[in-house]
Structures are given as structure tokens and as C-alpha cells.
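In what follows, a structure is listed as C-alpha cells, so that the remarks can point back to it.
Heavy-atom basis, side chains included; hydrogens, waters and symmetry copies ignored.
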There are 2 protein chains.
Amino acid sequence: MAKDLKKEAKKRIFDAAVSLFARKGYAAVGIREIAKKADVNICMINYYYGGKVGILREIINECYEKYYRAITHVDINDIPLEQCVRAIIKNLVAFFRENTESALVAFNALSFDIPEIVDLKTRWTVEYREKVNKFFSQIGLDTSDATQMNFVHGLLTTIVESHFTRRFFYEHIIGTGTLAKSREANVLPEPALDYDDAFYENFTEMLTNFYMHGVTGIATKKHEKMSGEQVCIEK
Amino acid sequence: MAKDLKKEAKKRIFDAAVSLFARKGYAAVGIREIAKKADVNICMINYYYGGKVGILREIINECYEKYYRAITHVDINDIPLEQCVRAIIKNLVAFFRENTESALVAFNALSFDIPEIVDLKTRWTVEYREKVNKFFSQIGLDTSDATQMNFVHGLLTTIVESHFTRRFFYEHIIGTGTLAKSREANVLPEPALDYDDAFYENFTEMLTNFYMHGVTGIATKKHEKMSGEQVCIEK
DNA sequence: CATCTCCTTAAGCGAACGTTTGATATAATC
DNA sequence: GATTATATCAAACGTTCGCTTAAGGAGATG
């Protein structure tokens with residue numbers, strides 16, 4: 001019984017911090033605000049997490065673990081390439097749907113005055129580099145082409161993340177009094193969307209098509225360019 | 001002569017703030033740090049900008065003005081669509097190259113505890129919505145398709161921005177002592193790139209191809225889907 | 001019961017926060 | 001030079017910051 005309550009205080013701190021960090025950013029949120037929202041004494045933050053930065057560390061670790069599991073939890077050897085891309089996108093979308101706030105916190109937590117956090121995020125990136133590169137070579141990209149790799153690196157994640165960032169933004173300013181009522185009516189870029197399963201199936205399909213065609217376009221152009229250069233040499 | 005010095009103090013504050021906000025985020029930077037970096041007394045910040053948030057307001061205004069000029073400063077009526085897209089991307093890339101730091105500040109400045117900033121950014125978005133929608137309809141997208149519009153909205157900007165964000169990140173942790181030396185060697189995802197004009201011409205071409213093929217893929221799939229539905233109805 | 005472990009608290013520390021006030025210096029204008 | 005406008009400064013305000021310390025409460029164990 002008491003053990004359950006213990007875990008609850010720690011979890012409440014975590015959840016409160018995720019919510020507040022997502023809305024205001026890490027630096028703008030103080031431990032007193034977190035403690036109040038979590039209904040604990042502020043010393044609990046040092047007790048359970050070693051301090052404010054400890055919360056962020058755990059948010060990032062939890063989030064990155066889920067994220068990398070999502071993008072690597074696809075057996076890319078047994079299914080056609082397009083299905084592989086679709087599966088990854090589907091996992092990505094599911095990841096962001098289930099962890100919207102903590103993902104926003106973790107992915108945006110980049111401040112050069114917290115070396116520990118810079119270091120931590122770099123470690124995660126380096127650790128998964130090989131798996132990510134394997135995926136790229138499988139879809140036909142030239143992993144030795146530095147520009148191409150620079151271009152596609154993290155592209156799917158970026159696109160999905162920006163979608164959820166925008167959705168979060170709209171959902172948290174509409175109806176909260178942050179905007180004047182007269183402006184709220186104008187702020188939606190399109191009719192209000194119902195972000196249900198059907199929407200995200202559709203979204204996944206759209207992104208899969210977009211990405212597959214896009215990447216094919218890059219690979220095709222590169223091939224044509226090389227052919228063109230041979231023609232020039234022969235002339 | 002004195003007028004020049006006057007402008008210099010105000011400009012120095014602006015530049016110092018841009019630099020610091022880009023590295024640490026708005027909330028983590030204090031006015032004393034800005035004043036020190038700009039070599040002025042801290043009261044100058046209130047005098048010239050009405051306070052800390054005033055600097056951010058001007059960064060956003062300056063940046064958004066340049067940004068929207070960049071993406072709308074293309075006459076979309078007189079040139080083929082692909083060239084139009086290429087021109088927009090070229091403008092976008094130029095914008096981010098010339099305003100990397102202030103762009104990072106402006107685009108990341110989203111905190112729900114500063115209603116003024118939320119409001120300001122919303123105003124800019126609403127103001128340019130019509131022009132942006134016109135562009136989308138020109139490239140063949142169905143502007144009445146809410147999901148499609150949600151998908152492509154801000155997509156080019158997102159992709160270019162994420163490239164510059166990553167570049168900024170790498171350039172500012174390599175060699176600064178933030179990372180252990182042993183990890184620095186591992187952090188580059190590919191051979192060091194020279195971000196010269198040639199690179200960005202190549203990048204622009206790549207993104208143009210990617211985007212055009214991607215968008216065509218979406219429009220084509222939508223057309224096929226509709227045809228398929230007709231077939232089902234006839235059977 | 002005594003002891004240990006874990007959890008929780010109140011109070012406090014030194015530092016920093018953004019803004020304000022009043023004074024002074026400098027520049028511009030007549 | 002006198003006056004006005006602008007720029008700059010030091011000092012101070014009330015508040016907040018993350019972390020620490022010491023104490024006490026609750027539960028587990030022998």
C-alpha cells in the first residue's frame with residue numbers, strides 16, 4: 001500500500017513536469033510549480049530525481065527509448081520496401097500519439113547551457129546511427145553521399161513531429177483564453193479535424209506515398225545526372 | 001556620429017540576445033547576461049525594448065517579415081510549377097542561411113505562458129494564410145481536403161528548418177568542450193560537410209525533386225483511390 | 001520495543017530574476 | 001549659453017530560483 005503511494009508521488013512529479021515543460025519549456029518552469037501541480041513538497045524533486053535536471057534526464061531517456069524502439073521495431077528484411085516504410089511511419093505516429101507531450105519535451109530539449117543534456121541526447125543518437133543507416137541503404141539511398149544522407153536524416157521524424165507540434169499548439173490555445181475570441185475563429189488553417197484513428201491511417205498513407213515518391217525522385221534524378229555526365233564526357 | 005553609437009547599443013543588445021536565445025532558449029537567458037554580452041547597462045534593455053519580452057517581439061517581427069517575404073516573393077503565375085517550387089525553396093534556404101540564429105529563436109519561441117508572443121505569432125500566421133493556400137492550390141493539391149492541407153502545411157519550412165537546426169547544433173557543440181573529445185569524433189553522422197553555395201544548390205535541387213515527386217504521389221494516389229471507388233460502385 | 005530505512009516536511013541559503021526610480025552624462029536645438 | 005531630448009548609470013525593489021539541512025513520521029524488521 002505505502003509502496004504504491006510512494007510510486008505515485010514520483011510519477012505525479014514526472015507527469016506534472018512533462019505537462020509543464022511541454023507548455024512552457026524546461027527553463028521557464030520552476031520546481032515549485034511542478035511540486036504544486038504534483039501536490040508534493042518541493043524537496044521531493046531532489047529526493048526522487050536529484051534535482052530539476054534529473055526529471056528532464058528521465059523524460060529524455062524514457063522518450064528516446066520508446067522512440068528508437070518504434071523506428072527500429074520493424075523487420076526490414078521480410079517485407080517489401082514500401083510496407084517497411086509504412087510500418088515505420090505507423091510506429092512513429094503511434095509513438096507521438098501516445099507520448100505527445102513528453103516527445104515535445106525531449107525533442108525540444110536542446111540547450112547548450114546544460115552539457116549533461118546535450119551529452120545525453122548525443123549518446124542516444126550515436127547509439128542508433130548504424131540501424132538508421134541500414135534502413136537508408138535498404139531504401140536505395142547512397143549512404144556514402146554526404147549531402148543525401150544529410151537531407152534524409154531524421155526526415156520522417158521531423159515531419160511527424162511537426163504535425164504533432166502544430167496540433168498541440170492549436171489544441172492548447174483554442175478555448176484557453178490565450179487568444180482573443182475574435183482571433184480564435186481565424187486561427188484554424190482548415191476545418192476542425194477529428195484526430196481519430198481514421199485520420200491517422202489516412203495521414204500515414206499520405207506520408208508513405210509522399211516519402212516513397214520523394215525518395216524515388218531523388219534516387220532517379222541522381223541516376224539521370226550520372227548518365228548525363230557520361231554523355232558530356234563522350235561528346 | 002553619436003546617432004551611430006546610439007544605434008550600435010540597441011543593435012548590440014539585439015544581436016547578443018539573438019545569439020544567447022538561440023543557444024539557450026529565451027527563458028534561460030537573463031537580461032544581465034544579454035547586457036554583459038552587449039556591453040551595456042541592463043537598464044538599456046528596458047529603455048530600448050521595454051523589457052526582455054520586447055527583444056523577443058522584435059526578433060519575431062523582423063524574422064517573420066523576412067520569412068514571409070521569402071516564401072511569397074515568387075511570382076507563381078509566370079513560370080512552370082517546378083521552377084516555382086524551386087524558387088521558393090531557394091528563397092527559404094537563403095533566408096535560413098542569412099538568419100540562422102534569429103530564425104531558430106523566432107520559430108522555437110512558443111511558450112504558453114507568454115500570451116503576447118502566442119498572439120503575435122498567430123497574427124503572422126493568419127495574415128499570410130491566403131497566400132500560402134493559393135500556392136497549394138496551384139501545385140494541384142485539394143485545398144478543401146482538410147487532411148491533405150494539414151499534411152503539407154509548412155512542410156517545406158519544416159524540412160529546411162530542421163536541416164539548419166541540426167547544422168547549428170553540430171557546429172556549436174563540436175570543439176566547444178561541451179562533449180567529451182572521444183564522443184565528438186562519433187557525433188558527425190557523415191563526413192564533415194562544407195556548407196558552401198554548391199552544397200545548398202544541391203540541397204535545393206534535392207528538396208525540389210523530393211517535394212515535387214512526393215506531392216505528385218499524393219495527388220496521384222488520391223485520384224486512383226477515387227477511380228477505385230467508382231469501380232466498386234459499378235460492380 | 002529498538003533500530004533501520006524510506007519518505008516527507010519546514011525553514012533557510014545565496015544567488016538571480018525583470019523592472020523601476022532618480023540622477024547624471026551626452027547630444028541636439030535654438 | 002540655456003534648454004530640451006536622449007542615452008546611460010547605480011541602486012534598489014519584491015519576487016523567485018534550485019538546492020540544502022535537519023527534523024520528524026511511517027513502515028518494516030528482528
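The aromatic rings of B:Phe210 and A:Phe151 lie perpendicular to each other, with more than 60° between the two planes, well past the 30° mark.
Whole-Å rounding puts the B:Ile13 CD1 to C:dG18 C1' distance at 14 Å. Computed from coordinates, the B:Tyr49 OH to D:dT8 P distance equals 12 Å when rounded to whole Å. Between the P atom of C:dC6 and the NZ atom of A:Lys10 lies a distance of 13 Å, rounded to the nearest Å. Rounded to an integer number of Å, the gap from CD of B:Glu8 to C1' of D:dT8 is 15 Å. Here the P atom of nucleotide C:dG22 and the CG atom of B:Asn41 are 17 Å apart, to the nearest Å. Between the C1' atom of C:dG18 and the NZ atom of B:Lys36 lies a distance of 18 Å, rounded to the nearest Å.
Under the side chain to side chain contact (heavy atoms under 4.5 Å, CB included) criterion, B:Glu62 pairs with B:Phe14, B:Lys66, not counting sequence neighbours. In terms of the side chain to side chain contact (heavy atoms under 4.5 Å, CB included) criterion, residue partners of A:Tyr47 (sequence neighbours excluded) are, by chain and number, A:Met44.
Around NZ of A:Lys90, the count of heavy atoms belonging to other residues, nucleotides or ligands within 6.0 Å does not exceed 12.
Between the side chain of B:Tyr49 and the backbone N or O of B:Lys10, at least one donor-acceptor pair lies under 3.5 Å.
A:His163 and A:Tyr195 share no side-chain donor-acceptor pair at under 3.5 Å.
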Where protein sits on nucleotides 14-26 of chain D, one letter per nucleotide: B base, S sugar-phosphate only, - none, heavy atoms under 4.0 Å: ---BBBBB-----
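Close to C:dT8, at under 4.0 Å from its OP1 or OP2, lies a side-chain N or O of A:Tyr48.
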